[in-house]
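Numbers restart at 1 for each chain; the letters A, B, ... are given by sequence-line order, proteins then strands. Both backbone and side-chain heavy atoms feed into the values below; hydrogens, waters and symmetry mates do not.
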Amino acid sequence: MLDINFIKENLKTLAKVTKDKGLKIDYKQLLKLDDKRRNLIQEIDELRQKRNANADLLKDPEKRSAKLIAEGKSLKDKITALESDYNKVLVEYTEIMILVPNVISKDTPIGKDDKDNKEIAKWGEIPKFKFKIKDHLQLGKDLDILDIDRGVKVSGFRGYYLKNEGAQMQIALLQYAFNKMIAKGFVPFITPTLIKQEALIGSGHFPFGKEEVYQIGNPGKLDSGEEIKEPLYLAGTSEPSLLAFHANETLKEEDLPLKYCGSSTCYRSEIGSYGKDTKGLYRVHEFMKIEQVIICQADIANGLKLLEELRGIAEEVLQDLKLPYHVIAVCTGDMGAGKYKMYDLETWMPSRNAYSETHSDSFLTDWQARRLNLKYKTKDGETKYAFTLNNTVIASPRILIALWENYQNADGSITIPEILRPYLGNQEKISPKK
RNA sequence: GGAGAGGUGGCAGAGCGGUCGAAUGCACCGGUCUUGAAAACCGGAGCUCCGUUUACCGGAGCCGUGGGUUCGAAUCCUACCCUCUCCGCCA
């Protein structure tokens, strides 16, 4: 969400960024609703003032009269009617307001989709295999560390089991990553994954990505006896939980920046990507992830610095694992409404013969904080909305694709990356069983 | 799942139709006193929104949330959310 006054003063910029991000906002309608909204507030406030004055007179039994009471009744009716109008206008107004995208950094590429993203850095050598490589599915099957067939049997499409060293490796990755983050001063969290709609609106996952999120219904009853559901949702990342942790709070500037990392299972419905990546571990309905989140002062330069810091941590993880990757500056059409600037880290996946997304590093200025009503008080006593950032630390099993495929050997075994060995009893290789 | 109690300012805690944005205590800020501090005493202080002559000026709203009753609601009714206690069940 943006400040309505900022929107009014920057209509041209916003019209452009809206188009560049592939969105459609009726700004004329928004301004109209804002006018209506403010006019109604004024009218209502005036009538309430009269009502209060009237009620004040009636306090005195001597002044009590049928006329005053009638006057009070009439005022009440007018107020009720206007309030009802106001509520309707506010709903429409809010519906548009939460769709208004954030502005972008100067260096964000303008483009339509991921084809227009720009590679800005590269690390590691793409491995050249002298044998016919297997993809992670084959490796997983041959080494008995992944079972897709039974995953589908039990969980349905996109279901999977990690098994043996496959299972161990996932836990190893998470633990290694968690430890790294703690060493860097991030506060470790295990976050709720069953969350309320407000948290998802706050992070900006709603309304944009609503269909991507699983909904869980809680039955209840309305006044009228009508059955209702106050839904809960399965979070697709710990980001909304970590951000909403401080929703409706006013923090102290001296406590910023807050550096958090959250470990959670993540759920994605993948509606809208039906035909895509249907094989293997690339796109699954549930996975585990450690996410890094920063809540900081409202300072663009500082935020950009932190974005680089988060990127650096993610790069460090891939370098620790010795996986080739590149960094791309994500273009407007691919970045999401709330983003001010965004990088993706894509890791080399031999079977896909491509770099594929494993990390996503974003800076959102105060776009999320406004939705979350997350503020801080400056040293001068001023109240401001905070800025927020987030990036992946590690997400598995997707990263296992890169890990298994890049580390495979001619004999069909997989070398375990050194950094993970301590978590797997110092085992060096995953070899075929028996 | 059953039974009961309750949600008021940073915290504790009164208020149970108009005198309540809200007593009182603690904490906080300023002052007096003091060599300094403490104590004591005096004074001050919340948030959100709207408007404008942008002035800490005017107005509205905020006592878990929404709806209702009333000329008037922190106070009454109602639904929902949450917390606590006891019983039951349970990883």
Side-chain angles (χ1 to χ4, degrees), chain A residues 1-9 30-94 97-98 190 192-202 215-233 241 244-255 265 366 369-386:
Chain A
M1 199 136 68
L2 297 177
D3 182 354
I4 183 67
N5 291 319
F6 177 86
I7 295 174
K8 283 190 210 163
E9 286 159 20
L30 180 64
L31 296 192
K32 222 170 93 186
L33 287 167
D34 180 53
D35 273 343
K36 269 197 196 172
R37 181 188 132 255
R38 290 197 337 273
N39 286 335
L40 281 166
I41 288 173
Q42 277 181 57
E43 284 179 55
I44 290 169
D45 282 358
E46 254 170 61
L47 287 172
R48 281 178 177 162
Q49 191 179 353
K50 283 187 192 159
R51 178 199 61 191
N52 292 345
N54 188 258
D56 230 35
L57 291 176
L58 278 160
K59 270 190 290 199
D60 183 352
E62 307 216 334
K63 289 189 189 148
R64 201 161 293 171
S65 70
K67 197 185 155 209
L68 282 180
I69 291 177
E71 173 70 13
K73 279 188 183 168
S74 145
L75 283 167
K76 182 171 64 170
D77 291 344
K78 283 183 197 157
I79 291 169
T80 308
L82 285 178
E83 280 175 341
S84 150
D85 291 349
Y86 172 75
N87 286 335
K88 277 181 212 147
V89 169
L90 189 66
V91 167
E92 287 179 58
Y93 169 80
T94 307
M97 278 298 275
I98 59 172
I190 291 177
T193 50
L194 198 54
I195 59 177
K196 296 198 238 180
Q197 139 166 290
E198 289 82 75
L200 288 156
I201 290 173
Q215 181 179 323
I216 308 289
N218 276 10
K221 274 202 174 156
L222 277 178
D223 222 339
S224 56
E226 185 192 345
E227 197 78 16
I228 57 145
K229 290 186 174 191
E230 198 201 322
L232 288 172
Y233 299 87
S241 293
F245 186 76
H246 289 298
N248 301 315
E249 291 184 18
T250 303
L251 307 167
K252 287 188 226 137
E253 183 169 25
E254 54 262 41
D255 294 334
T265 307
D366 60 1
R370 284 178 182 277
R371 298 170 159 247
L372 291 158
N373 190 26
L374 198 180
K375 301 174 184 173
Y376 69 96
K377 201 164 225 162
T378 66
K379 283 156 195 150
D380 310 326
E382 205 183 337
T383 305
K384 287 183 173 176
Y385 287 103

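Among B:C71, B:C47, B:G61, the nucleotide with an atom closest to any side-chain atom of A:I69 is B:C71. With B:G18, B:A60, B:C49 as the candidates, the nucleotide lying closest to the side chain of A:R37 is B:C49. If you check B:C50, B:G18, B:A60 against the side chain of A:D45, the one that comes closest is B:A60. Out of B:C50, B:G72, B:G67, the shortest distance to the side chain of A:N87 is found at B:G67. Considering only the side chain of A:R38, B:G51 comes nearest among B:G51, B:G18, B:G59. Here the side chain of A:K59 is nearest to one of B:U19, B:C49, B:G61, namely B:U19. Listed nucleotides: B:C71, B:C50, B:G18. Nearest to the side chain of A:K73: B:C71. Comparing B:C47, B:A60, B:C49 by their nearest atom to the side chain of A:K377 picks out B:C47.
For RNA chain B, if you chain together Watson-Crick or G-U pairs that step i with j, i+1 with j-1 and so on, the runs of at least three with distances under 3.5 Å are B:1-7 with B:81-87, B:10-12 with B:24-26, B:28-32 with B:40-44, B:46-51 with B:57-62, B:64-68 with B:76-80.
Computed from coordinates, the A:K50 NZ to B:G72 P distance equals 16 Å when rounded to whole Å. Here the P atom of nucleotide B:A60 and the CG atom of A:L40 are 18 Å apart, to the nearest Å.
Distances shown here put a side-chain N or O of A:K76 below 4.0 Å from the OP1 or OP2 atom of B:G72. Checking the phosphate oxygens (OP1, OP2) of B:G72, no side-chain nitrogen or oxygen of A:R48 falls inside 4.0 Å. Contact annotation: A:R51 reaches the phosphate of B:G61 (side-chain N/O to OP1 or OP2, under 4.0 Å). Put simply, A:N52 has a side-chain N or O that comes within less than 4.0 Å of OP1 or OP2 on B:G61.
Ion pairing between A:E83 and A:R48 holds under the 4.0 Å rule for side-chain N and carboxylate O.
Each salt bridge (charged side-chain N to carboxylate O under 4.0 Å, His left out) pair with one or both residues in residues 35-44 of chain A, not counting sequence neighbours, appears once here: A:D34-A:R37, A:D34-A:R38, A:D35-A:R38.
Judged as a side-chain contact (heavy atoms from CB on, under 4.5 Å), and not counting sequence neighbours, the contacts of A:D3 are A:N5, A:F6, A:R370.
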